[in-house]
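The analysis underlying the following values was restricted to heavy atoms, covering all of them including side chains, and did not include hydrogens, waters or symmetry mates. In what follows, chains are A, B, ... by sequence order, proteins preceding strands, each numbered from 1.
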Amino acid sequence: MGETTAVEDYGRLLRRGVVEIIVEEELVKLLESGRKLRLKQGFDPSRPDIHLGHVVGLRKLRQFQELGHQLILIVGDWTAQIGDPSGESATRPMLSAEEVRANAETYMKQFFKVVDQEKTKVVWQSEWFGKFTLADVIALTSKFTVAQMLQRDDFAKRYALGRPIAITEFLYPLLQAYDSVVIEADVEFGGTDQKFNCLVGRELQQMVGQPPQQVFLMPLLVGTDGSQKMSKSLENYIAVDEPPSEMYGKVMSIPDDLMMDYFELLTDVPDKELEEFRAELDSQSVNPMVLKKRLAREIVAEFHDEQAANEAEVAFERQVQRRELPEEIPALRVGDAWWGRDETAIERSWDLVYLLCEAKLSKSRSEAKRLIAQGAVEIDGKKVTGDRVPLEEIHDGSVIRVGKRRFVKIGKAD
RNA sequence: GGCGGGGUGGGUGAGUGGCUAAUACCAGCAGACUGUAAAUCUGCCGCCGAGAGGCUUCGUAGGUUCGAAUCCUACCCCCGCCA
């Protein structure tokens, strides 16, 4: 494919889904030097779940790997104990070595869904920080000033507002920077919120006589709520290990405005095609839903496969768009007493409230009553209006539905 | 060491003796509509109770009062400022 491919790859590599490159000319020089670059990516094994917000960066790493570069993945078993200072960081409980290892394993299993494991070397922070003495800590911290730390937007804001900043939070960027020195990173990757930390890395490297790493900053993906960055604590995330239909549905639930960002950052749909999509959306010549379905398929296929994506789509169309029943419905086994032979027989009816609770379709009796009152409950497609349901309305195999997405199939207990 | 601020329902955050199961916003749930689990609109959103109503909740434990998230006491926790 020759030279054109190389040029195209650079364009895609350096433009799509990139906010800022520090320093771009230097990075280009490195790329053109033909040297195998050392790419740095770290993670804290405090939260092992990877969601699409992380994937934006991981895809970029993969693109670099495709060009033959070497990824060094740092397991932040020390920084995990500090917690990245993003806001009101509650002090984290110390994780045991066991937990850290387990988390790291879970993390990497998901990580290598996107990133090429063959071209990745995994190292642990404890390999170097485990040997750190107080003297080393003092030496490291003495290289920086509080004023420098306060350059970081997050710190500056909190300081101005009189919000607390823990001393260990200042340590975080320093440890991260030291990582760069140890592994002699050529390029570090991160979301835009990582800018400060990455820049500290550059400085520290220069202080010890290393060439400073290049910094590659990517946009923060907005979560399914459409307003805040995707994060686990905000409950607006799509995890990479979610089942296909769940993933598909969550993608469909993002606001239309977010669609093109997702396309750009999370799929390989060519730029040219994305341009067409934008034009179609602008001129309203396409139903956004159609494009969003394409997006959902692309994403599901990336983490599962084509077939799973198609099945998820079929399920979505049936269950959400046409409000039909899903293929698989959880079953609730009901004992003989419930079939009207004992106390229920006296009233000749089912206690639907009780049934909903038993079936875990409702958290409490109060909620169950509300749901019924709001017309959210139907039995075999018939809307229910009262708490009591005549015995004959429910038989073996009846399906109770609450809202659009909750179902249970009633069956006799063995 | 001194001074001050604060701990309220999943979150933010009102409320300074009864009208407060507790304003508002966000999230969540449901319904309608639809072009999707988008958007919009409407309703719901502690628990128990068929209902009337009852019970539990505002850091913890006591107390004052006919009555407390609101007052008092002690304790716990968080934060800022000045040294």
Side-chain angles (χ1 to χ4, degrees), chain A residues 87-91 155 157-167 169 222-238 242-263 277 280-281 283-300 309 312-324 326 344 346-357 360-378 383-389 400-407:
Chain A
E88 329 285 304
S89 61
T91 343
F155 289 146
K157 274 195 191 127
R158 281 198 275 163
Y159 187 70
L161 288 170
R163 308 288 314 167
I165 301 169
I167 291 170
E169 294 188 78
V222 176
T224 52
D225 60 353
S227 57
Q228 290 180 280
K229 77 165 182 178
M230 185 173 284
S231 90
K232 198 177 179 199
S233 52
L234 292 171
E235 290 281 316
N236 62 354
Y237 67 100
I238 304 175
E242 296 198 43
S245 59
E246 198 63 19
M247 191 179 265
Y248 188 98
K250 281 195 182 180
V251 174
M252 289 306 287
S253 81
I254 66 169
D256 292 351
D257 297 343
L258 241 50
M259 235 184 346
M260 292 316 298
D261 283 350
Y262 274 51
F263 263 119
F277 289 175
E280 286 171 348
L281 286 170
S283 61
Q284 302 197 341
S285 57
V286 65
N287 181 342
M289 177 195 62
V290 173
L291 293 184
K292 211 191 274 183
K293 278 179 161 179
R294 165 80 186 276
L295 175 67
R297 249 184 290 128
E298 292 278 347
I299 291 177
V300 174
E313 180 158 294
V314 169
F316 181 84
E317 286 167 355
R318 170 167 47 208
Q319 200 175 324
V320 177
Q321 296 194 273
R322 295 199 301 275
R323 291 210 68 174
E324 290 167 9
T344 46
I346 298 164
E347 312 217 19
R348 302 297 304 160
S349 64
W350 292 85
D351 181 351
L352 187 56
V353 173
Y354 185 81
L355 210 51
L356 291 180
C357 292
K360 301 272 190 318
L361 293 174
S362 165
K363 281 199 293 283
S364 67
R365 291 181 61 79
S366 299
E367 186 185 68
K369 281 181 220 170
R370 270 179 236 130
L371 288 167
I372 295 167
Q374 288 177 135
V377 181
E378 53 185 53
K383 193 166 282 188
V384 178
T385 49
D387 298 1
R388 288 268 153 193
V389 177
I400 302 181
R401 165 185 212 143
V402 175
K404 288 192 187 73
R405 303 169 55 197
R406 284 174 282 171
F407 306 87

Separation between [atom1] of [X] and [atom2] of [Y], rounded to the nearest 0.5 Å:
{"X": "A:F277", "Y": "A:K292", "atom1": "CZ", "atom2": "NZ", "value": "14.0 Å"}
{"X": "A:I254", "Y": "A:M259", "atom1": "CD1", "atom2": "CE", "value": "7.0 Å"}
{"X": "A:R365", "Y": "A:D351", "atom1": "CZ", "atom2": "CG", "value": "5.0 Å"}

Distance check, [atom1] atoms only: [N] and [M], in whole angstrom units.
{"N": "B:rC29", "M": "B:rG46", "atom1": "C1'", "result": "15 Å"}
{"N": "B:rG59", "M": "B:rA69", "atom1": "C1'", "result": "12 Å"}
{"N": "B:rG67", "M": "B:rC81", "atom1": "P", "result": "43 Å"}
{"N": "B:rC82", "M": "B:rG9", "atom1": "C1'", "result": "37 Å"}
{"N": "B:rU8", "M": "B:rA14", "atom1": "P", "result": "11 Å"}
{"N": "B:rA74", "M": "B:rC55", "atom1": "P", "result": "32 Å"}
{"N": "B:rG10", "M": "B:rG28", "atom1": "C1'", "result": "9 Å"}
{"N": "B:rG51", "M": "B:rU65", "atom1": "P", "result": "38 Å"}

Looking at [options], which one has an atom nearest to any side-chain atom of [X]?
{"X": "A:R323", "options": "B:rG49, B:rA37, B:rA32", "answer": "B:rA32"}
{"X": "A:F316", "options": "B:rA30, B:rG35, B:rA37", "answer": "B:rA37"}
{"X": "A:P288", "options": "B:rA37, B:rA50, B:rU36", "answer": "B:rU36"}
{"X": "A:R405", "options": "B:rC48, B:rA37, B:rC79", "answer": "B:rA37"}
{"X": "A:A376", "options": "B:rA30, B:rG35, B:rA50", "answer": "B:rA30"}
{"X": "A:M289", "options": "B:rC44, B:rA37, B:rG35", "answer": "B:rG35"}
{"X": "A:K369", "options": "B:rA38, B:rG49, B:rG35", "answer": "B:rG49"}
{"X": "A:S366", "options": "B:rA37, B:rC45, B:rC48", "answer": "B:rC48"}

Given atom [atom1] of [X] and atom [atom2] of [N], what is their separation to the nearest angstrom?
{"X": "A:D225", "N": "B:rA37", "atom1": "CG", "atom2": "P", "value": "18 Å"}
{"X": "A:E367", "N": "B:rC44", "atom1": "CD", "atom2": "P", "value": "15 Å"}
{"X": "A:L371", "N": "B:rC29", "atom1": "CG", "atom2": "C1'", "value": "7 Å"}
{"X": "A:D257", "N": "B:rU40", "atom1": "CG", "atom2": "P", "value": "10 Å"}
{"X": "A:E246", "N": "B:rA37", "atom1": "CD", "atom2": "C1'", "value": "10 Å"}
{"X": "A:R322", "N": "B:rA37", "atom1": "CZ", "atom2": "P", "value": "13 Å"}
{"X": "A:R318", "N": "B:rU36", "atom1": "CZ", "atom2": "C1'", "value": "17 Å"}
{"X": "A:K293", "N": "B:rU36", "atom1": "NZ", "atom2": "P", "value": "8 Å"}

Under 3.5 Å on both distances, the Watson-Crick or G-U partner of [N]:
{"N": "B:rG17", "result": "none"}
{"N": "B:rG9", "result": "none"}
{"N": "B:rC29", "result": "B:rG43"}
{"N": "B:rG1", "result": "B:rC82"}
{"N": "B:rU56", "result": "none"}
{"N": "B:rC71", "result": "B:rG63"}

Please tell me if the side chains of A:R158 and A:E169 come closer than 4.5 Å, counting only heavy atoms from C-beta onward. yes
Between A:I238 and A:M230, is there a side-chain heavy-atom distance shorter than 4.5 Å? yes
Side chain [X] and base [N] donor-acceptor under 3.5 Å:
{"X": "A:K292", "N": "B:rG35", "value": "no"}
{"X": "A:Q374", "N": "B:rG43", "value": "yes"}
{"X": "A:N287", "N": "B:rU36", "value": "no"}

Measuring to OP1 and OP2 of B:rG43, would you say a side-chain N or O of A:R370 lies under 4.0 angstrom away? no
Does OP1 or OP2 of B:rA38 have a side-chain N or O of A:S253 closer than 4.0 Å? no
If I compare all heavy atoms of A:Y262 with all of A:L295, which pair ends up nearest, and what's the gap? CB-CD2, 3.6 Å
Please confirm whether the backbone N or O of A:N236 pairs with a side-chain atom of A:T224, one donor and one acceptor, at under 3.5 Å? yes
What contact category does [X] fall into here, base, sugar-phosphate, or nothing, at under 4.0 angstrom with non-hydrogen atoms?
{"X": "A:R406", "answer": "sugar-phosphate"}
{"X": "A:G403", "answer": "sugar-phosphate"}
{"X": "A:S245", "answer": "base"}
{"X": "A:K383", "answer": "sugar-phosphate"}
{"X": "A:L258", "answer": "nothing"}

Ion pair A:K250/A:E246, N-O distance below 4.0 Å: no
Pairing of A:K369 and A:D387 as salt bridge, 4.0 angstrom limit: no
Closest-nucleotide 5' rank along RNA chain B - winner of A:D256 and A:V402: A:V402
Relative to the 5' end of RNA chain B, which residue comes earlier, A:R365 or A:V286, by the nucleotide with the nearest heavy atom? A:V286
